Amino acid sequence: MKNTAPYDPQSEARWVPEPDKRPGRTAFQRDRARVLHSAALRRLAGTTQVVAPMRSDFPRTRLTHSLECAQVGRELGAALGCDPDLVETACLAHDIGHPPFGHTGEEALDQAAEGCGGFEGNAQSLRILTRLEPKRFAPSDEPEVRLAPWPGRSVGLNLTRAALDAATKYPWARGQHPADPGSTKYGVYGDDLPVFRWLRTGAPDGRKCFEATVMDWSDDVAYSTHDVEDGLQAGHIDPAALRSPEERAELFKAAERFAAAGPEEFGEALDRLQAEDWWPVGYDGTARARAGLKDFTSQLIGRFCLAAEQATRARYGPGPLTRYAAELVVPRGVRLECAVLKAVAVRYVMQRDEQAQLRSRQRVVIAELADALLNGAPHHLDPVFAAQYEEAEDGRAALRTVIDQIATLTDASALALHAKLVERKP
């Protein structure tokens, strides 16, 4: 679907202006290519999505999840008039800041980073895109683009304003959520506020751009469908158990973390899904069962995306919907169906006893790594972070550098570095 949506020069502006190397490509096509070819995106192949990458022959990692999110977002965005390359860029980049061990690593790093303002995967994504993934450097003679005390510093991938804005799921700093100051979700650290203010030029305070709302829903759709697919294929989820009153009661408690609703509404949402012909009744690993499972996933994605597209069009009418001209509308019933599916993945995959034990060990690894690297810095840091550490203006900046180093590791490299620096050999 060819996009005809108008994006003004301000949307296509870059933090550091640069000429096109090859005429004919749009600014957003260049953004997509930069993210797709980045080392930070490739690293997600070794980063936990639900279970550790090395624990399955067919792993779903942060990278495969990002690719699935991007496919959903590109098509949904294009159907609503967004530039498809812009939405795909945001979807590819939305998890690029997630550290080793998924959300467990994120929680452990937040504790380790208490002395420098905490850690949040979405804020780390912005930091990677605008600072840590070296692609462009600011000229040393242009102080207005400096984000640090030293001239000529990295500005990351130097994406367009619209791409950075679209990739920002939580457009506020820590403690500045417009409706909930106590929220643990935020999208920018204090020392990255200059570029955040630049990318949010002209944006309403605390409001996501339209492309970011498409990305956000695409993330939910990909997570809720594919993670359940994995759980069914691995034998962790028994569809028959979802009809048990006791199991449903526990499931709906888990769903409360994803949506504000009670057991009755969650029950109605699950009943609607179970009434569909494509809802699985079991899984035995045969070719027919595999095909049925793929159809189940496809039906869910189509259901969730079409509902959002139709509801958004009903409110805003035809024509391209971009930037701050609209907000994605997702019917409440569909959101609750999505929330129930997320809860299925949490209860039957992530909350298994072996996973709880593994997460406990992972938290220890992150905490001990942080201590070892901080005490041994800059000697045990990668060259790029060692230089950043030596240029740190104070202890907070030095600690942030150590946190940056750990956040760039994969699950396997975090374990390997921990074994090298922490574990005592007999």
Side-chain angles (χ1 to χ4, degrees), residues 40-41 43-56 59-66 68-69 91 93-114 117-128 167 169-170 174 177 182-187 189 215-216 218-228 230-231 236 253-259 338-339 341-367 369-370 403-404 406-415 418:
L41 183 67
R43 179 189 65 83
L44 297 184
T47 304
T48 295
Q49 169 65 9
V50 173
V51 297
M54 66 285 291
R55 291 176 174 262
S56 168
R60 177 157 276 118
T61 65
R62 285 281 166 185
L63 178 59
T64 59
H65 165 71
S66 297
E68 289 157 353
C69 174
C91 292
H94 84 282
D95 265 353
I96 213 166
H98 267 274
F101 312 134
H103 287 295
T104 300
E106 186 177 23
E107 293 166 1
L109 273 181
D110 187 41
Q111 293 180 355
E114 185 178 359
F119 180 90
E120 212 285 336
N122 295 278
Q124 193 70 18
S125 293
L126 179 63
R127 189 172 179 83
I128 288 171
K169 186 180 289 191
Y170 307 111
R174 186 173 190 172
H177 188 292
S183 173
T184 59
K185 295 296 186 182
Y186 56 96
Y189 300 129
M215 173 271 288
D216 199 3
S218 301
D219 182 22
D220 282 348
V221 170
Y223 168 24
S224 64
T225 57
H226 290 296
D227 289 353
V228 171
D230 276 1
H236 301 314
K253 289 179 185 177
E256 290 175 358
R257 65 182 281 191
F258 303 114
C338 183
L341 289 176
K342 285 183 177 182
V344 169
V346 168
R347 175 159 173 75
Y348 298 107
V349 181
M350 287 178 266
Q351 290 183 346
R352 289 178 293 130
D353 288 343
E354 63 180 88
Q355 286 297 105
Q357 295 170 8
L358 178 63
R359 288 196 296 272
S360 178
R361 174 59 180 160
Q362 291 170 340
R363 282 190 285 269
V364 172
V365 167
I366 293 293
L369 258 183
I403 299 301
D404 284 341
I406 297 172
T408 64
L409 300 173
T410 63
D411 291 15
S413 61
L415 292 171
H418 180 267

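Just so it is clear, the structure is predicted and the values come from calculations on it, not from any experiment. For the single chain, residues carry numbers from 1 onward in sequence order.
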K.L.:
To the nearest 0.5 Å, how far apart are CG in D110 and CD1 in I366?
P.N.:
12.5 Å

K.L.:
Ignoring hydrogens, what is the shortest heavy-atom contact between V365 and A414? Give both atom names and the distance.
P.N.:
CG1-O, 4.2 Å

K.L.:
Quick one: sort the H103 and H98 rings into parallel, tilted or perpendicular, breaks at 30° and 60°.
P.N.:
perpendicular

K.L.:
Using a strict threshold of under 4.0 Å (side-chain N to carboxylate O), is an ion pair present between E120 and R174?
P.N.:
no

K.L.:
List the atom of F258, the atom of A343, and the distance in Å for their closest heavy-atom pair.
P.N.:
CE1-N, 3.8 Å

K.L.:
Does the S224 side chain pair with the main chain of V221, one donor and one acceptor, at a distance under 3.5 Å?
P.N.:
yes

K.L.:
Working note: L341 + Y223, criterion side chain to side chain contact (heavy atoms under 4.5 Å, CB included); need CA distance, chi angles, decisive distance, verdict.
P.N.:
CA-CA 9 Å; L341 289 176; Y223 168 24; over 6 Å; no

K.L.:
Over all heavy atoms of both residues, which pair between A93 and S125 is shortest? Give the atoms and the distance, please.
P.N.:
O-OG, 3.9 Å

K.L.:
What's the separation between atom CG in L109 and atom CZ in F119, rounded to the nearest 0.5 Å?
P.N.:
5.0 Å

K.L.:
What is the distance from atom CG of D219 to atom CG of D95, rounded to the nearest 0.5 Å?
P.N.:
6.0 Å

K.L.:
Check N122 against Y186 and note the closest heavy-atom contact, atom names and distance.
P.N.:
CB-O, 3.7 Å

K.L.:
Which heavy atom of L369 sits nearest a heavy atom of I406, and at what distance?
P.N.:
C-CD1, 4.1 Å

K.L.:
Give a yes or no on whether the backbone of A222 and the side-chain of E68 come within a donor-acceptor separation of less than 3.5 Å.
P.N.:
no

K.L.:
Side chain to side chain contact (heavy atoms under 4.5 Å, CB included) for R43 and L409? Distances and angles first, verdict last.
P.N.:
CA-CA 8 Å; R43 179 189 65 83; L409 300 173; over 6 Å; no

K.L.:
Under 4.0 Å between a Lys/Arg side-chain N and an Asp/Glu carboxylate O for K342 and D227?
P.N.:
no

K.L.:
Determine whether T61 and L44 satisfy the following criterion, side chain to side chain contact (heavy atoms under 4.5 Å, CB included), listing intermediate values before the conclusion.
P.N.:
CA-CA 7 Å; T61 65; L44 297 184; 5.8 Å; no

K.L.:
Taking ring pair (Phe, Tyr, Trp, His ring centres under 6.0 Å) as the definition, give me every residue that meets it alongside Y170, ordered by chain and number, with sequence neighbours left out.
P.N.:
W172

K.L.:
Run the side-chain contact (heavy atoms from CB on, under 4.5 Å) test against D216 and tell me which residues pass, sequence neighbours left out.
P.N.:
K169, K208

K.L.:
Just how far is it from atom NE2 of H94 to atom CZ of R62, taken to the nearest 0.5 Å?
P.N.:
7.0 Å

K.L.:
Please report the interatomic distance CD1(I96) to OG1(T408), rounded to the nearest 0.5 Å.
P.N.:
12.0 Å

K.L.:
Set out, in order, the CA-CA distance, both residues' side-chain angles and the distance that settles side-chain hydrogen bond (donor to acceptor under 3.5 Å, both in side chains) for D404 and Q124, then state yes or no.
P.N.:
CA-CA 8 Å; D404 284 341; Q124 193 70 18; 3.0 Å; yes

K.L.:
Please walk me through it: do M215 and S218 pass side chain to side chain contact (heavy atoms under 4.5 Å, CB included)?
P.N.:
CA-CA 5 Å; M215 173 271 288; S218 301; 5.6 Å; no

K.L.:
Do P100 and T410 have side chains that get closer than 4.5 Å, going by heavy atoms?
P.N.:
no

K.L.:
Quick one: SG on C69 to NE2 on H226, what's the gap to the nearest 0.5 Å?
P.N.:
9.5 Å

